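Here the structure is laid out as structure tokens; the discussion comes afterwards.
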Amino acid sequence: MLIQFPGTRRSLTQSASPLTAPPALMQMRGYWEGLRQGSRLPLRSEIDPRGIDGALEGAFLLERVAPTVARFRLAGMSLVDLMGMEVRGMPLSAMFAPADRKKLAEALQQVFATPATLDMTLEAERGIGKPALSARMLILPLGQSDDERPQALGCLALSGEIGRNQRRFHVSTLRHEVLPAAAHSLRQIRTAGMAEAAAGFAPHPTSTKPKLRLISFDT
């Protein structure tokens with residue numbers, strides 16, 4: 001699903017086509033796809049930074065803290081430079097203009113609930129000390145264990161100059177790609193992978209009453 005907002009400068013074809021994606025986003029998406037097993041989403045514990053070495057400056061890890069709110073758990077230097085401060089613990093919405101935060105909130109809800117990938121083209125606010133700056137952001141949902149909040153892996157690729165002041169973005173276009181039903185829970189994954197067929201039980205043919213037998217699972 002692709003949505004374009006009024007006043008955007010880029011065409012739908014440019015923003016939606018994976019062929020025009022920046023190299024960092026292509027590497028991030030390719031690595032994430034390589035970790036998937038059928039409909040199962042990759043786990044955070046499976047991510048090795050060496051597999052996305054060309055995308056680390058713009059890479060980030062999000063944690064959902066409410067249905068429409070996600071905050072940074074980790075973030076590369078491009079995001080620190082963009083905001084002029086450490087962004088760990090900050091909500092992703094801090095990078096967006098107030099008028100665009102509702103769009104972002106609705107888009108994030110679909111990422112975690114559906115689940116779905118999110119691909120956005122962005123334009124930064126202009127002003128004194130704020131030269132032309134555009135960006136493309138990719139957010140990819142991750143699987144989770146039962147004791148974790150939902151998380152997502154992301155990447156931001158900038159085009160232009162950050163300038164001297166903190167920058168915030170307007171959403172030009174956004175595109176969701178709905179994923180097949182995924183096993184979000186690590187418990188579900190372990191159960192599916194380790195389960196054995198249930199053994200049948202029948203009383204001894206010479207016994208008039210069933211007997212109980214203690215089976216030890218100690219190793």
Side-chain angles (χ1 to χ4, degrees), residues 2-29 31 49 52-66 68-112 117-140 151-176:
L2 180 65
I3 303 172
Q4 185 177 30
F5 299 101
T8 58
R9 302 179 185 178
R10 300 188 178 201
S11 70
L12 297 181
T13 302
Q14 288 176 324
S15 62
S17 172
L19 297 178
T20 61
L25 267 65
M26 294 180 69
Q27 184 184 27
M28 181 71 77
R29 179 63 188 257
Y31 180 74
I52 50 173
D53 56 347
L56 287 178
E57 284 194 1
F60 56 88
L61 182 70
L62 295 176
E63 177 183 69
R64 187 176 71 170
V65 294
T68 60
V69 180
R71 67 182 179 186
F72 289 106
R73 288 288 302 271
L74 299 169
M77 287 305 301
S78 289
L79 288 87
V80 175
D81 293 342
L82 185 73
M83 298 300 291
M85 65 182 74
E86 175 60 60
V87 301
R88 185 179 302 180
M90 293 174 57
L92 177 62
S93 58
M95 293 181 56
F96 290 77
D100 291 72
R101 289 174 184 173
K102 183 178 179 181
K103 302 171 191 174
L104 175 67
E106 293 171 349
L108 284 176
Q109 185 174 27
Q110 188 165 348
V111 168
F112 292 109
T117 65
L118 176 60
D119 189 342
M120 295 185 286
T121 55
L122 311 171
E123 294 290 339
E125 295 174 321
R126 299 287 297 276
I128 297 175
K130 297 179 178 180
L133 177 67
S134 60
R136 186 157 167 180
M137 180 180 286
L138 179 66
I139 299 178
L140 306 164
Q151 297 183 23
L153 182 66
C155 189
L156 178 71
L158 300 173
S159 178
E161 297 181 20
I162 294 177
R164 301 190 304 272
N165 299 315
Q166 186 182 77
R167 309 301 298 271
R168 289 187 172 89
F169 290 106
H170 293 289
V171 179
S172 298
T173 66
L174 63 84
R175 178 176 181 264
H176 282 108

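Keep in mind the model is a prediction, meaning the values are calculated, not measured. The basis for the numbers below is simple: all heavy atoms, side chains too, and nothing from hydrogens, waters or symmetry mates.
Across every non-hydrogen atom of Ile128 and Asn165, the tightest pair is O-ND2, 2.9 Å. Taking both residues in full, the closest heavy atoms of Leu138 and Phe60 are given as O-CZ, 4.1 Å, listed atom of the first, atom of the second, then distance. Residues Ala135 and Leu158 come closest through the heavy atom pair CB-CD2, 3.7 Å. Shortest non-hydrogen contact noted between Gly54 and Ala24 is O-CB, 4.0 Å. Between Glu161 and Arg167 the shortest heavy-atom distance is O-NH1, 3.3 Å. Phe72 approaches Val87 most closely through the heavy-atom pair CB-O, 3.5 Å.
To the nearest 0.5 Å, atom CG of residue Leu156 and atom CE of residue Met28 are 10.5 Å apart. Distance check, rounded to the nearest 0.5 Å: CG of Leu92 to CZ of Arg101 gives 10.0 Å. Note that the CD atom of Glu123 and the OG atom of Ser159 stand 9.0 Å from one another [nearest 0.5 Å]. The distance from atom CZ of Arg29 to atom CG of Leu140, rounded to the nearest 0.5 Å, is 6.0 Å. Taking OG of Ser172 as the start and CZ of Arg136 as the end, the distance is 11.5 Å to the nearest 0.5 Å. Taking CG of Leu74 as the reference point, atom CG of Leu61 lies at 5.5 Å (rounded to 0.5 Å).
In this structure, Asp100 contributes its side chain and His170 its backbone to no donor-acceptor pair below 3.5 Å. A donor-acceptor contact shorter than 3.5 Å is absent between the side chain of Arg71 and the backbone of Met90. In this structure, Arg168 contributes its side chain and Ala94 its backbone to a donor-acceptor pair below 3.5 Å.
Sorted by first then second residue, the ring-ring contact (aromatic ring centres under 6.0 Å, His included) pairs that include residues 89-110, not counting sequence neighbours, number zero.
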| said: Under the criterion side chain to side chain contact (heavy atoms under 4.5 Å, CB included), I'd like the reasoning laid out for Val111 against Arg64: C-alpha separation, chi angles, the key distance, then a yes or no. | reply: CA-CA 10 Å; Val111 168; Arg64 187 176 71 170; over 6 Å; no

| task | Test side chain to side chain contact (heavy atoms under 4.5 Å, CB included) on Glu106 and Thr68 and set out the steps. | result | CA-CA 6 Å; Glu106 293 171 349; Thr68 60; over 6 Å; no

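Looking only at side-chain heavy atoms (C-beta outward), Pro49 and Leu56 come within less than 4.5 Å of each other. With a 4.5 Å cut-off on side-chain heavy atoms, Leu62 and Gln151 do not count as touching. Counting heavy atoms from C-beta outward, Ile139 and Leu108 have side chains that approach closer than 4.5 Å. The side-chain heavy atoms of Leu79 and Met95, taken from C-beta on, include a pair separated by under 4.5 Å.
Within a 6.0 Å sphere centred on CD of Gln166, heavy atoms belonging to other residues, nucleotides or ligands number more than 12.
Of the residues listed (Leu122, Thr121, Leu174, Leu25), the one engaging Met137 in a side chain to side chain contact (heavy atoms under 4.5 Å, CB included) is Leu122, and it is the only one.
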